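These numbers were taken from a predicted model, which means no experiment stands behind them. So that the names make sense, note that chain A is the first sequence line, chain B the second, and so on, each numbered from 1.
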Protein chains: 2
Amino acid sequence: MNPLSIPLTKGNTDRPDAEFFHSYEKKFKALADKKRLEILYLITNSTSVCVCDLSETIDMQQSKLSYHLKILLDANLITKETKGTWSYYQINQKEMNGLLSNQLCCIFRTEDSTCC
Amino acid sequence: MNPLSIPLTKGNTDRPDAEFFHSYEKKFKALADKKRLEILYLITNSTSVCVCDLSETIDMQQSKLSYHLKILLDANLITKETKGTWSYYQINQKEMNGLLSNQLCCIFRTEDSTCC
DNA sequence: CATTTATATCAAAAAAAATTGATTTATATC
DNA sequence: GATATAAATCAATTTTTTTTGATATAAATG
């Protein structure tokens, strides 16, 4: 047995449940790709972007881009607004700021006026 | 062409390089698994834990646990200290606090005394 | 010094995620 | 109304990640 054993939270009712860990897994999975991080950077640093704008700026074919945008959207890290044939994407500030440190401003998140 | 087009940062020299996005990809990949998040939760809420402690608390075989701990270690999210046959793992507070929001205290990170 | 215990590593298999090119849907334009 | 454009979806393939059980290493214990 471990000689320096410190009791862990086994059976602790305050311990987050499986659903809690699963919800964060989804968010971090969405962040766990350098192309999606680059997309987030671009979306963060512009008010509203369509797929065609992104497709030009980062070298990526359209179907691939839509695939990655859907992952970010499903994780609720970005939002979408459709105008005619165009889909405009925005950062979900509340979600991103609640997830990432202020140190990551203004790369993957925005300024936090309520802090410091 | 996009009628609401706002110029993106194409050719902007301030734009982070590929290496920057790659380094964060690695960190978020390490976070992108519910079992690793559960491991981090346990490590965060104890001063020092060995593999055998974790293996008892979360239902996971030893080789699998070592595999996941290595991923967290390689991403520099935790640190390791070996004493005899035991390996004790600690949270890398600086790294985690620089990555995650204060809102995630004290689940995946610790209290931030320098903020708010 | 043989045995047990803690942990890491390995190779093979299984599962999950990403890429590709084609197709579909819907709107805008001529 | 035919054609072009923007974006989403699909199925097949490729790549990456995870799981599994076995084995290796090294320290502790009898």
Mind checking whether [X] and [Y] sit in one hydrophobic cluster, side chains of I, L, V, M, F, W, Y counted as touching below 4.5 Å?
{"X": "A:Leu42", "Y": "A:Leu69", "result": "yes"}
{"X": "B:Leu54", "Y": "B:Met60", "result": "yes"}
{"X": "B:Ile39", "Y": "B:Tyr67", "result": "no"}

The side chain of [X] is closest to which nucleotide in this list: [options]?
{"X": "A:Ser63", "options": "C:dA22, C:dT9, C:dT7", "answer": "C:dA22"}
{"X": "B:Trp86", "options": "D:dA7, D:dT9, C:dA6", "answer": "C:dA6"}
{"X": "A:Tyr89", "options": "C:dT9, C:dT7, D:dA8", "answer": "D:dA8"}

First of A:Gln61 and A:Arg36 reached from the 5' end of DNA chain C, by closest nucleotide: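 Residue closer to the 5' terminus by nearest nucleotide: A:Arg36.
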Presence of donor-acceptor pair under 3.5 Å, side chain of B:Gln62 and base of C:dA8: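 Check passes, donor-acceptor contact within cut-off.
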Residue that, paired with A:Tyr41, satisfies side chain to side chain contact (heavy atoms under 4.5 Å, CB included) out of A:Leu37, A:Thr44, A:Asn45: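 Single side chain to side chain contact (heavy atoms under 4.5 Å, CB included) partner of A:Tyr41 among A:Leu37, A:Thr44, A:Asn45: A:Asn45.
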Whole angstroms only, please: what is the [atom1]-[atom2] distance between [X] and [N]?
{"X": "A:Leu54", "N": "D:dA7", "atom1": "CG", "atom2": "C1'", "result": "12 Å"}
{"X": "A:Glu81", "N": "C:dT27", "atom1": "CD", "atom2": "C1'", "result": "17 Å"}
{"X": "B:Asp59", "N": "D:dT19", "atom1": "CG", "atom2": "C1'", "result": "14 Å"}
{"X": "A:Asp33", "N": "C:dA16", "atom1": "CG", "atom2": "P", "result": "19 Å"}
{"X": "B:Asp53", "N": "C:dT5", "atom1": "CG", "atom2": "C1'", "result": "14 Å"}

Closest approach of [X] to [Y] (non-hydrogen atoms, all atoms of both residues):
{"X": "A:Leu40", "Y": "A:Met96", "answer": "CD1-CE, 3.9 Å"}
{"X": "A:Tyr24", "Y": "A:Leu99", "answer": "CE2-CD1, 3.7 Å"}
{"X": "B:Lys35", "Y": "B:Lys64", "answer": "NZ-NZ, 4.0 Å"}
{"X": "A:Gln90", "Y": "A:Ile43", "answer": "C-CG2, 3.6 Å"}
{"X": "B:Glu38", "Y": "B:Ile58", "answer": "OE2-CG2, 3.3 Å"}

Aromatic plane relationship, A:Phe21 with B:Phe108 - under 30° parallel, 30 to 60° tilted, over 60° perpendicular: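 Geometry flag for A:Phe21 against B:Phe108: tilted rings.
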Neighbours of DNA chain D within residues 17-28 of chain A, by heavy-atom distance under 4.0 Å: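 Those residues whose heavy atoms fall under 4.0 Å from DNA chain D, taken from residues 17-28 of chain A, amount to none.
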Contacting residues from residues 64-80 of chain B, given that a heavy atom lies under 4.0 angstrom of DNA chain D: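 Of all residues in residues 64-80 of chain B, the ones placing a heavy atom under 4.0 Å from DNA chain D are B:Lys64, B:Tyr67, B:His68, B:Ile71.
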Side-chain donor-acceptor contact under 3.5 Å, A:Asn97 with B:Ser101: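 Absent: no donor and acceptor within the cut-off.
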Side-chain donor-acceptor pair present, A:Ser23, A:Glu19, cut-off under 3.5 Å: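 Side-chain D/A pair, A:Ser23 to A:Glu19: absent.
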Presence of A:Lys35 side-chain N/O under 4.0 Å of C:dT19 phosphate oxygens OP1/OP2: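 Checking A:Lys35 against C:dT19: at least one side-chain N or O falls below 4.0 Å of OP1 or OP2.
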B:Ser87 side chain near C:dA8 phosphate (N/O to OP1/OP2, under 4.0 Å):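 Result: yes.
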Bending between helix ends of the helix from C:dC1-D:dG30 to C:dC30-D:dG1 [5 pairs per end, 10° resolution]: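 The end-segment axes of the helix from C:dC1-D:dG30 to C:dC30-D:dG1 are tilted 10° relative to each other.
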Of A:Thr85 and A:Lys29, the one whose closest DNA chain D nucleotide lies more 5':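 The residue closer to the strand's 5' end, by nearest nucleotide, is A:Thr85.
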